[in-house]
Asks: 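Quick one: this structure, given as structure tokens, is what I'll be asking you about.
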Amino acid sequence: MRPSYLLFRNPVHELGQELAGFLHAPEGRGGFVNVVDLCGESGPIVVLGLPDLADGLSGKTLSITTTFVDLCLAKRLVVGQKHQARAGAEPWSQGKLLAQAGISESYIEQYLCWTTGACTEEVDAALLQTVLQSIATSLQKLLRELDDELRTKGERERFFDIEVPVSNAMLRQQVRGLSIDHVRLEGVLEHTSSSLARVRRQLRMRFNLTNPSDRSMVRARLAEAGFDKATNRALREGDKGWLELSGLRHDLPRLLHEHQTFTRDKSTLLKLGAFGSTEVFPRYNTQGTITGRIVITEPSLQNLRRESREVISPRPGRVLLYPDFSQYEPGILADESGDEQLISDYNRGDLYEPLSIALFGDRAHRKHAKTIFIAFCNGMTEEGLVEIASRASGRPNEECRDIVAQFFGKYMRLRDWTEDLFGELENQGRVGSRLGNYRYLGAGAAPGSRARNRWAISQRIQGTASLILKRVIIRLDKEAPDCWPVLPMHDALLCEVPKSSASEIRSLLGELFISCFREECPSVDPRVHFEGSGFVVDG
DNA sequence: ACATTCAGCGCC
DNA sequence: AGGGCGCTGAATGT
């Protein structure tokens, strides 16, 4: 079916009005339209920026049957690089795409003015119509170009079979939004505030740190306590989470870490409350990361602390379910590498516990063992692993080196697999997941250098992980439209489902998680569980 | 005064 | 000396 082409206006600037759009259709039907009217149609509609469109429909009760094809999403896929540019200046942004289509600078400027509602002066109506007509028409050409680009880069199947259906499923979710329990919110906020007060008091009394947000004072106190490395920025790169780790054996970094955490959490929660309504409508970016993960923003609910997640509640008559892959990425790594030992260890049970026992002598440090294992999956060098192991356990580097070497030495094929992957990157100039989603070698680092292949492993592993979760979302959308994918969480999916069919949907979710994983990774035996997430789930 | 960067955390 | 993100408040830049 021949698609139509739609431009739309950001509704924030047209409060109370219907969402204005400008349509170009091959049959000639076109001009200014009400976007809501288009949602019930069947034919595909090409747009720029699906999350923006969803913003305009947020909270409306409407059944969306149209399939939208977002050209920005297609461009993101073919670019295959991380964005360094500020928001709105990425190569897949509307403005850049229109420039690629040969639209003149002044037309683009006037269009962006219209679509964002940023214009301060009235634009001549006739001129505006000319501009919109010209741009809407050019989308046709842009679609053809991008289609070619998708084909030559091996992303066409990925785009039409995965990204288009997923972006449409998440568009519907963005329009539905989700509900916040203000009673729980108040409780969590209260708890966070008093924790923050306690931490501030201790910092003041025990460490004479009167103002924890004064960076120079913090640096001075850390230096007094022997943490002079904290001032050396050159050492920061490998120091992700260093306050927390150092906090295991010293109260100053521990308290500083807590201060940071509670401060941030408090303002996040305050912002949630400030919406005034019980409903929020976050934006779902279905190509939020280079590896294909879905990223949720405004608010960034995926980053809520686990302790604060209870503020998310189901709508009346519905309940939450949270199916969750256990040891997801190690499982994918096992299948990818074909390492027999890793496959059998994964299939036999927990991978993190044995490491916890080897390093710390007990199961209690599973959390840190997990960090180390995941770091290993992401290609951290042995020295790096030894460093975190040593800091987390408090044992000397020498001891940790032996333990780490012995533990990971069991997985013989992993090294070969890694070398093969790096070789592939050098030869092809790119690394993908299993269905396109390539990331390309940038101009930066020298051949063979570590910086050049840092991301190769995660592109394959994380990329495969996000592909599997997207397959789950697509099948769910088809097989159980009552099951709403509220929060995709990378290795899990928070769903809101009708209370009356919760148990059936729970079984279906379990089956879908398993079968979609098996489809990609037949050599491993995936496990799914539904508890212990911090969300208030049914049961 | 406003914008960008930095440093650090949250999540997976 | 581990990948992918967003967000916050302070620091720095214009």
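All values below were derived from every heavy atom in this structure, side-chain atoms included, with hydrogens, water molecules and symmetry-related copies excluded.
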Asks: Calculate the interatomic distance between A/Arg264 atom CZ and B/dC11 atom C1'; express it in whole Å.
Replies: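 Atom CZ in A/Arg264 sits about 8 Å away from atom C1' in B/dC11.
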
Asks: Measuring to OP1 and OP2 of B/dC12, would you say a side-chain N or O of A/Arg306 lies under 4.0 angstrom away?
Replies: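 Affirmative; the distance criterion is met.
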
Asks: Atom pairs, N/O to N/O, protein against nucleotides 1-4 of chain B, distance under 3.5 Å?
Replies:
none

Asks: For C/dG4, does either OP1 or OP2 sit under 4.0 Å from a side-chain N or O belonging to A/Arg439?
Replies: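 Yes, A/Arg439 has a side-chain N/O under 4.0 Å of OP1/OP2 on C/dG4.
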
Asks: Taking A/Arg415 first and then A/Glu419, would you say they form a salt bridge - that is, a charged N and a carboxylate O separated by under 4.0 Å?
Replies: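 No salt bridge links A/Arg415 with A/Glu419.
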
Asks: Can you check side chain to side chain donor-acceptor pair (under 3.5 Å) on A/Tyr352 and A/Arg366, steps first, answer last?
Replies: CA-CA 6 Å; A/Tyr352 308 142; A/Arg366 188 178 176 280; over 6 Å; no

Asks: Given atom CD1 of A/Ile294 and atom P of C/dG4, what is their separation to the nearest angstrom?
Replies: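 Answer to the nearest Å: 19 Å.
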
Asks: Scan A/Leu304 against the nucleic acid and name what it touches under 4.0 Å (heavy atoms): base, sugar-phosphate only, or nothing.
Replies: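 Since only primed, P, OP1 and OP2 atoms lie under 4.0 Å of A/Leu304, the category is sugar-phosphate.
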
Asks: Just how far, in rounded Å, is C1' of C/dC5 from CD of A/Gln459?
Replies: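 Result: 13 Å.
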
Asks: Can you say whether a donor on the side chain of A/Lys82 sits under 3.5 Å from an acceptor on the base of C/dG3, or the other way round?
Replies: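 Answer is no: no donor-acceptor pair is held.
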
Asks: Go through the structure and list residues passing ring-ring contact (aromatic ring centres under 6.0 Å, His included) with A/Tyr438, not counting sequence neighbours.
Replies: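 Scan of A/Tyr438 (ring-ring contact (aromatic ring centres under 6.0 Å, His included), adjacent residues dropped) gives none.
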
Asks: Before accepting this row, confirm whether a basic side-chain N of the pair A/Glu353/A/Lys370 lies closer than 4.0 Å to the acidic partner's carboxylate O.
Replies: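 Salt bridge flag = no for A/Lys370 with A/Glu353.
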
Asks: Quickly work out the A/Leu467 CG to C/dG4 P distance and round it to whole Å.
Replies: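 Atom-to-atom, A/Leu467 to C/dG4, this comes out as 19 Å.
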
Asks: Can you name the residues that form a side-chain hydrogen bond (donor to acceptor under 3.5 Å, both in side chains) with A/Ser308, not counting sequence neighbours?
Replies: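 By the side-chain hydrogen bond (donor to acceptor under 3.5 Å, both in side chains) rule, A/Ser308 matches A/Asp265.
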
Asks: Report yes or no: do A/Tyr411 and A/Asp345 form a side-chain donor-acceptor pair below 3.5 Å?
Replies: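 Result is yes, a qualifying pair exists.
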
Asks: Whole-Å distance between B/dC12 P and A/Ile374 CD1?
Replies: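 In whole Å, B/dC12 P and A/Ile374 CD1 are 11 Å from each other.
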
Asks: How long is the line joining OH of A/Tyr328 and P of C/dG3, in whole Å?
Replies: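 Rounding to the nearest Å, OH of A/Tyr328 and P of C/dG3 are 21 Å apart.
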
Asks: Mind listing the N/O atom pairs, protein and nucleotides 11-14 of chain C, below 3.5 Å?
Replies:
none

Asks: side-chain hydrogen bond (donor to acceptor under 3.5 Å, both in side chains) with A/Glu258: which residues, sequence neighbours excluded?
Replies: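 A/Glu258: side-chain hydrogen bond (donor to acceptor under 3.5 Å, both in side chains) contacts with A/Arg254.
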
Asks: Do the side-chain N or O atoms of A/Arg305 get closer than 4.0 angstrom to the phosphate oxygens (OP1, OP2) of C/dC7?
Replies: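 The answer is no; no side-chain N or O of A/Arg305 sits under 4.0 Å from OP1 or OP2.
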
Asks: Find out whether A/Phe513 and A/Arg527 are in side-chain contact, i.e. whether some heavy atom of one side chain is under 4.5 Å from a heavy atom of the other.
Replies: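 No, too far: nothing below the 4.5 Å cut-off.
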
Asks: Rounded to whole angstrom units, what separation is found between the CG atom of A/Leu196 and the P atom of C/dG9?
Replies: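 Atom CG in A/Leu196 sits about 12 Å away from atom P in C/dG9.
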
Asks: State whether A/Thr381 places a side-chain N or O below 4.0 Å from either non-bridging phosphate oxygen (OP1 or OP2) of C/dA1.
Replies: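 Checking C/dA1 against A/Thr381, no side-chain N or O comes under 4.0 Å of OP1 or OP2.
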
Asks: Taking CE from A/Met380 and C1' from C/dG2, how many angstroms apart are they, rounded to a whole number?
Replies: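 Taking CE of A/Met380 and C1' of C/dG2, I get 4 Å after rounding.
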
Asks: When you measure from the side chain of A/Glu387, which nucleotide among C/dA1, C/dG6, B/dC12 comes out closest?
Replies: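 From the listed options, C/dA1 comes nearest.
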
Asks: Mapping A/Gly241 and A/Gln260 to their closest nucleotides on DNA chain C, which lands nearer the 5' end?
Replies: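 This one resolves to A/Gly241.
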
Asks: Base, sugar-phosphate alone, or nothing: which one does A/Ile461 contact when heavy atoms must sit under 4.0 Å apart?
Replies: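 Nothing: the residue A/Ile461, judged by heavy atoms under 4.0 Å, touches no strand.
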
Asks: Whether A/His257 contacts B/dG10 is assessed here as follows: a side-chain N or O lying under 4.0 Å from the phosphate OP1 or OP2. Is that the case?
Replies: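 Looking at the OP1 and OP2 atoms of B/dG10, one of them is under 4.0 Å from a side-chain N or O of A/His257.
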
Asks: List the residues meeting side-chain hydrogen bond (donor to acceptor under 3.5 Å, both in side chains) with A/Arg306, not counting sequence neighbours, and say none if there are none.
Replies: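 If we apply the side-chain hydrogen bond (donor to acceptor under 3.5 Å, both in side chains) test to A/Arg306, skipping adjacent residues, there are no hits.
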
Asks: What's A/Arg283 touching, base or sugar-phosphate or nothing? Going by heavy atoms closer than 4.0 Å.
Replies: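 It contacts nothing in the nucleic acid.
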
Asks: Measure distances between side-chain N and O atoms of A/Arg293 and base N and O atoms of C/dG4, and say whether any donor-acceptor pair falls under 3.5 Å.
Replies: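 Checked by distance alone, the answer is yes.
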
Asks: Could you check whether A/Gln462 gets within reach of a base, just the sugar-phosphate, or nothing at all, counting any heavy atom under 4.0 Å?
Replies: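 Result for A/Gln462 = base.
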
Asks: Do we see a donor-acceptor contact under 3.5 Å between the side chains of A/Ser313 and A/Ser179?
Replies: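 On atom types as modelled, these side chains qualify, holding a pair under 3.5 Å.
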
Asks: Looking only at the side chain of A/Arg76 (C-beta and beyond, no hydrogens), which of the listed nucleotides C/dT8, C/dC7, C/dC5 gets closest?
Replies: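 For the A/Arg76 side chain, the nearest candidate turns out to be C/dC5.
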
Asks: Give, for atom CZ of A/Phe376 and atom CG of A/Leu385, the distance between the pair rounded to the nearest 0.5 Å.
Replies: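 These two atoms lie 7.5 Å from each other.
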
Asks: What's the closest nucleotide to the A/Asn303 side chain, out of C/dG9, C/dG3, B/dG10?
Replies: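 Nearest to the side-chain atoms of A/Asn303, counting from C-beta on, is B/dG10.
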
